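Structure, as structure tokens:
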Amino acid sequence: MNFELNEEQSALTESLSRLLTDRYGFEKRRALTASGAAHDEKTWAGLAELGLTALPVPEALGGFGGGARDLLPVMQAFGRSLSMEPFLSSAVLAGTALRLGADEAMQTQLLPDMASGELVSAWAHDEPAGRHAPLWVETRAERKDGGWKLDGIKSNVLAGGLARHFVVSARIAGAPADANGCALFLVDAKDAGVALREFRLVDDTMASELVLMQAAAQPLANPEDSTRTRLAIEGTVAAGIAAVCADMSGAAQAAFELAMDYLRTRKQFGRLIGENQALRHRASEMLVSLEMTRSMAMAAAVAADDAGAADSALDLHRAKLSVARNARNVAHSAIQLHGGIGMTEEYAVGHYLRRIHVLDQLFGDADSHAARLAAAFH
Amino acid sequence: MNFELNEEQSALTESLSRLLTDRYGFEKRRALTASGAAHDEKTWAGLAELGLTALPVPEALGGFGGGARDLLPVMQAFGRSLSMEPFLSSAVLAGTALRLGADEAMQTQLLPDMASGELVSAWAHDEPAGRHAPLWVETRAERKDGGWKLDGIKSNVLAGGLARHFVVSARIAGAPADANGCALFLVDAKDAGVALREFRLVDDTMASELVLMQAAAQPLANPEDSTRTRLAIEGTVAAGIAAVCADMSGAAQAAFELAMDYLRTRKQFGRLIGENQALRHRASEMLVSLEMTRSMAMAAAVAADDAGAADSALDLHRAKLSVARNARNVAHSAIQLHGGIGMTEEYAVGHYLRRIHVLDQLFGDADSHAARLAAAFH
Amino acid sequence: MDLDLTPEQRAFRDEVRTFIRENLPAEIRERLRAGHPPRKQDTVTWQRILNKRGWAAPHWPKRYGGADLGPMERLILLDETYRAPAPLPQVFNVGMLGPVLMKFGTPAQCDHFLPRLANLDIWFCQGFSEPGSGSDLASLRTAARREGDHYVVNGQKIWTTTAHLADWVFALVRTDPEARKQEGISFLLIDLRTPGITIRPIHSIDGEHHLNEVFFDEVRVPVANLVGQENKGWDCAKYLLSNERTGIANVGLCRERLDYARELAGRYTQAGKPLLDDPKLRADIAMLEAETRALEITNWRFLLTDSEQRRLPAFASVLKLKGTELQQEINALLARIAGPGGLERRPADEVAHGPVTPRYFYSRAASIYGGTTEVQKDILAKAIVG
Amino acid sequence: MDLDLTPEQRAFRDEVRTFIRENLPAEIRERLRAGHPPRKQDTVTWQRILNKRGWAAPHWPKRYGGADLGPMERLILLDETYRAPAPLPQVFNVGMLGPVLMKFGTPAQCDHFLPRLANLDIWFCQGFSEPGSGSDLASLRTAARREGDHYVVNGQKIWTTTAHLADWVFALVRTDPEARKQEGISFLLIDLRTPGITIRPIHSIDGEHHLNEVFFDEVRVPVANLVGQENKGWDCAKYLLSNERTGIANVGLCRERLDYARELAGRYTQAGKPLLDDPKLRADIAMLEAETRALEITNWRFLLTDSEQRRLPAFASVLKLKGTELQQEINALLARIAGPGGLERRPADEVAHGPVTPRYFYSRAASIYGGTTEVQKDILAKAIVG
């Protein structure tokens, strides 16, 4: 058992924090959204320079072969800085899907460019009617003229507007709820059959609705191997859960620290508000919640890496459930401790609640994971 | 809309409070349980003298024809004083069942003696396997030698050891869960087919398990009229819900007052503990919960009286759910504010939690009423 | 004891319900139902319709154009407004300034302003809070010095709701810098077109523009616009804050949002099944409905029980605390129902997709604005512990 | 980062698990599983079995008969004890007094007492709290005056757990009435058979007899039974209270009770259906299991992260707060599962029907004993807010 970062992880985290402090201070982040930009290109270049885009890519393909454990402090740093970079969408989600679902040729074709940060891909799997069901796929794939054509709608494709192509799940056989019968495809963003509606989410990050109308698609591997597809989807969702748990715990940490600073500096009725026992007790409750998010972000990372281990599936559900609830509590309390200023767009603390809410809704919200744990009772 | 007691209700409540202060102070109540007694006979006689045993009995049969509204302040007073008198079991439950389910002859035979307090009856309806299902009856009734014989087990028969006879629900036809097919019977406590196992509940009140083995039984009315039976059972349960909501709100009120007194008098670290903002805020939260119990005890009383009104069934569920939760919160907090002393048998505050827990478990606990409200969605 | 409306009250409720159904423009109703805040024009339109019917100022006496309704009738009108849903009466005009003018204003001020307030010819906002004052309102520093028949105002207000929509502001200003805290404050009516006033928007975490900062730089206000006596403005403020509490529990709002929760959950599906089939979700809705019912009856008790028993203003804090908690839980539930589909930030004019998720974020303000939860608990503790 | 036990730790866990399975008397296991507290003889029997194996005092050094285990191994032993479930080591002997003697006691005291503590030949209880002292421990008033080679003790202790089962008490007494609060306190070992001692039971709200009042009337205690220096007893008390925190989170207890909740809910039916089929109940259990997992990992982090990062003793308060909350919620859940069938107060010797409901009542003590929730939050706030 071990909870420390190793030397490389520590060094990388430190460099990343420096980069983000430098380029992603809250005022710069506000200016970024105000400018209409989807992300900060210089930061993205900086991430690539630090080797972060290469972190999850296998060593043989120019990466560092890092897992969810290595991504944990990285995602926490992104959460703290309210990052809008397409890291989750491209490096974590699309990257994992390709690593688990694509044949060697396609991996060799794509992953080195993703490692260098030149290529941004996006994961397009969720559908509106599925809501929190992890394997609901209505999008259809059909063979046509020696290739494949896809029809369907993918929702909340994170950073979709930045992607050169999409990793898309589509159904070859069966009903939308069937666990099998799906395959993963690569779809070029410029294909004539692709229509992308871009929008901001409530946390200011960019996402898209991807409408596929006879979009040309290339299978990642043998499309008949639907077991592999299922494992690739599940592995990608697991990587996503671990990443957003880490991100939420970083966001909660930052909200907590803002609130503690405020308690220590803000005066009212002639004394520091941090002298009020009621607020002090709330601060204590926040720390308890915060520590739970940190612990369960670790559990999620370990479970995503060790997919075969006995309790991994349960730990992923438990982590998503516990981190979302506890991080939300921290954010609510942090706003409350700030009073009016905490309700404003121009102050950071409210942005953490918005981020945590968005991340809670990805890969199944807290309630849906409680329901899945309940369904897993023997 | 009106929330005041009328003159008679006020006068009666005042007399009752005097009686209970006099005979049911906490130390006397402790002595009573220590003595092994099931209740205090002089208090019971005093209740009869005040006309309380006659309160719910129709005027034509020597009573005052009172409803759940009239019982509200009475039950609140019982809750405050941790009463062990068989009022709920006999006057409220058995009395309501007879009033709603018995033919004129039987009412004329029994209710005047119940009004005078001479006759104590008990309601024997719940069964172990039913748990919180309000209409689960496995006890069988069969015709034999021109009469009826019952076989089955009735659980948590309140004050069963004091009763001269039981009002028992039994099944003539159908499966245990069927809403119809039941009838109500009168069973003599001395019948050879009756075995009573008496015990104390965790709140010190007495209850019994009633084992019926070919017990001779007399139908309250035409046993084939299972609609009337169902309405009588439902009406009795409604009266029970209203009564225990009032009782819980009285118990919560008493626990609240004890805690406020403690905050105002107990010193620690050289000052009144009531100066701690954290405890003051908890006191405020307790008052909020307490007011909810008072409001919903009223809702339950009105709903029990006006069974036909549009929202009565929903209000009964909501009241049982809300009162139990809020009263429990008050009791938990009252103990916490007391610290160690609150955990002892020799101090009253813990007894209120015990009482509230018992009453929550009668006529369906909070969760079961939430589930029934959920099932009633259109 | 009795929880029913009297026959007269029932008739009044039916009359109100019918009036709203027949007169509320459908597009306003739809916008509010979807969770959008009313536009300025919505509020103006509806208040003028109500004013024609004599209901624009429910608790004002008739001689000032009010409806002179009793507490239950006011609550019925409010509940029906939420139920529709229709825009609420403009609170600064009707709920706050009107009563203050009637109690402290000159006959000339009443004659001039009251009809215009009721008809929303003038939109007032409230200038109380300042940076640094927060819950400690009396520590305000915006100053007004007397120069002839004018006050000259300098300073800054913050959290000024609807200042960007408003024509006038009623403001607390310090007229005697020597006096201790509550003394030395005056209550002024200030035309926002006066030179020297700058309004800067503050966007809230729901992305909307509700609030503003208002800066005063040598702003000249005629002495005729002083309400009450100089240096006695705190009396006006106290009266204003304690005055109209019919709506403090927000029961009607909770009910309307819970109805909408059922509607939305019935409209959405999850993996092919209606969301409303989820027993956990139903139980959560049922629980909130039960607590809303408890709050409703408590609110009635507050309105109808004699004032000694209801321990004013402590009892009002009970209503505020519980109402706040329920609003926040209900809005969180709605955001959960909206789910991943509720994450998109949509333009304000998309009526079909209301800002359910942003509104959840904004609901966190319920425990901050109008007296924080902590302040309410302090008030309550004072009353019950001492 | 890694959440697995090392191979050595796994082997140790298996060894412990096997040892408990093979040596724990079945009737003790059944009694504890059903929710009964262990009887005195259960604790003695089991501690002597453990002592033969060398595990009775997990954190003591070997030269005093301890097992000298590292923190993870101690936690494994504790978790397996809960898991069985087996009686816990007698906490006053092993967790509290033993370490104090090793640090502050004379060689003679160590030689005499430590082996007897480990083997439970002597049962100690703790005499700290007094009426009126509560969370403010240092305000204690029980006095000891020196008379030759004896102290003469007068006063009263309260909340003395297991005093009625105990042979000795270690007590804080005031030896210098002039000194300010923490100074002037001494730490004495007192044989409970000494004349002048009266023990009065205090029954708890679960109906059980855990606690006592202990009265001292001119009780003569040899000066040889002073631990540490006269008037320096507060040092012993502080050390004792900060010493053994392996078990403060009570994760093993939470797990065992959650397993029992599943077992009970699988055994009971409601209206013909297994209670465990209820999706709401399952989701509630799942939620508590998730939070227990979060607490478990937090506990591991606390044990293994270096002490600067874990901000002792604040981090211990995190564990206590969360562990308390979970124990209370889990016990409330169990009482809900026991339902109407759990209302009967059954005799203590009915093994089959454990006191699930009374234990829920008693769980309210978790936020009071061992430092109230309020005290823990004060400590934590001091560390994080200042």
Side-chain angles (χ1 to χ4, degrees), chain B residues 1-6 9 68-70 72-73 256 260 263-264 272 274-275 277 279-296 298-299 301-303 305-306 309 311 314-315 317-323 325-326 366-367 369-378, chain C residues 1-6 9 72 75 262 265-266 276-306 309-311 314-315 317-325 373-374 376-386:
Chain B
M1 215 170 282
N2 169 21
F3 302 98
E4 313 287 344
L5 299 183
N6 63 32
Q9 289 166 335
R69 287 171 171 88
D70 302 290
L72 172 66
F256 173 79
M260 294 309 111
L263 287 181
R264 283 189 219 104
L272 289 173
E275 293 174 38
Q277 193 190 30
L279 305 191
R280 297 171 70 79
H281 280 200
R282 193 187 271 263
S284 306
E285 292 157 13
M286 288 167 73
L287 181 64
V288 173
S289 290
L290 178 63
E291 295 294 349
M292 299 306 129
T293 70
R294 296 175 59 164
S295 295
M296 288 309 261
M298 292 178 186
V302 169
D305 279 347
D306 309 345
D311 268 2
L314 296 179
D315 261 359
H317 295 312
R318 288 176 184 148
K320 190 75 184 357
L321 166 57
S322 176
V323 173
R325 284 181 71 232
N326 283 297
D367 281 282
H369 284 283
R372 295 190 62 197
L373 284 166
F377 274 36
H378 42 77
Chain C
M1 186 177 312
D2 162 18
L3 301 178
D4 291 327
L5 300 179
T6 62
Q9 288 165 343
M72 270 311 297
L75 186 60
R262 283 188 183 225
L276 200 56
D277 285 358
D278 177 353
K280 167 79 163 59
L281 179 64
R282 284 177 172 229
D284 288 347
I285 294 175
M287 173 83 82
L288 290 167
E289 287 176 344
E291 292 298 300
T292 299
R293 176 71 166 143
L295 179 63
E296 177 177 51
I297 297 173
T298 309
N299 196 28
W300 289 339
R301 285 172 50 214
F302 168 65
L303 287 177
L304 296 185
T305 308
D306 69 79
Q309 268 184 278
R310 63 175 132 122
R311 289 172 293 193
F315 210 113
S317 292
V318 169
L319 300 175
K320 172 76 159 68
L321 284 168
K322 186 73 186 181
T324 293
E325 180 194 317
T373 283
E374 288 74 19
Q376 304 295 341
K377 287 182 184 172
D378 283 341
I379 292 171
L380 215 41
K382 184 85 195 149
I384 58 182
V385 184

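The structure displayed is predicted, hence computed values, not measured ones. Per chain, numbering begins at 1; letters A, B, ... match sequence-line order.
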Counting only non-hydrogen atoms closer than 4.5 Å, does Leu281(C) touch chain B with its backbone (N, CA, C, O), its side chain (CB onward), both, or neither? neither

Top contributor to chain C contacts, counting heavy-atom pairs under 4.5 Å, from Asp306(B), Leu72(B), Asp311(B), Asn326(B): Asn326(B)

Identify which of Met292(B), His317(B), Arg318(B), Met1(B) forms the greatest number of heavy-atom pairs closer than 4.5 Å to chain C. Met1(B)

Tell me, side chain or backbone of Glu296(C) under 4.5 Å from chain B's heavy atoms, or both, or neither? neither

Test item: Arg301(C) and Met298(B) side chains (from C-beta on) under 4.5 Å apart, heavy atoms: yes

Donor-acceptor contacts, no H, no angles, side chain residues 378-386 of chain C, under 3.5 Å, sequence neighbours left out:
{"residue": "Asp378(C)", "atom": "OD1", "partner": "Gln277(B)", "partner atom": "NE2", "Å": "3.3"}
{"residue": "Asp378(C)", "atom": "OD1", "partner": "His281(B)", "partner atom": "NE2", "Å": "2.7"}

Minimum-distance pair of heavy atoms, taken over all atoms of Ala286(C) and Leu321(B): O-CD2, 4.5 Å

Part of Arg282(B) within contact of chain C (heavy atom distance under 4.5 Å): neither

Correct closest heavy-atom pair for Ala374(B) and Ala283(C) would be CB-N, 3.8 Å

Evaluation steps, side chain to side chain contact (heavy atoms under 4.5 Å, CB included), between Lys377(C) and Glu285(B): CA-CA 8 Å; Lys377(C) 287 182 184 172; Glu285(B) 292 157 13; 2.5 Å; yes

Go through the atoms of Leu5(C) and report whether side chain, backbone, both or neither lie under 4.5 Å from a heavy atom of chain B. both

Measuring only between side-chain heavy atoms, which start at C-beta, is Lys322(C) closer than 4.5 Å to Glu291(B)? no

Measure distances from Leu272(B) to the heavy atoms of chain C and classify the residue's part below 4.5 Å as side chain, backbone, both or neither. neither

Go through the atoms of Val288(B) and report whether side chain, backbone, both or neither lie under 4.5 Å from a heavy atom of chain C. both

Quick check on Ala366(B) against chain C: is it the side chain, the backbone, both or neither that has a heavy atom closer than 4.5 Å? neither

Taking side chain as C-beta onward, heavy atoms only, is Ser284(B) less than 4.5 Å from Gln376(C)? no

Counting only non-hydrogen atoms closer than 4.5 Å, does Ala299(B) touch chain C with its backbone (N, CA, C, O), its side chain (CB onward), both, or neither? both

Within the structure provided, determine whether Glu289(C) and Leu373(B) are in side-chain contact (heavy-atom separation under 4.5 Å). no

Chain B contacts, top residue of Met72(C), Glu374(C), Arg262(C) (heavy-atom pairs, under 4.5 Å): Arg262(C)

Would you give the length of the straight line joining atom CZ of Phe3(B) to atom OG1 of Thr298(C), rounded to the nearest 0.5 angstrom? 9.0 Å

Residue part contacting chain C, namely of Asp70(B), when any heavy atom lies under 4.5 Å: neither

Go through the steps for Gln9(B) and Met1(C) under the test side chain to side chain contact (heavy atoms under 4.5 Å, CB included), then give the verdict. CA-CA 10 Å; Gln9(B) 289 166 335; Met1(C) 186 177 312; 5.8 Å; no

Asp315(B) portion near chain C, given a 4.5 angstrom heavy-atom threshold: side chain

Is there a side-chain contact between Met296(B) and Arg293(C), using heavy atoms and a 4.5 Å cut-off? yes

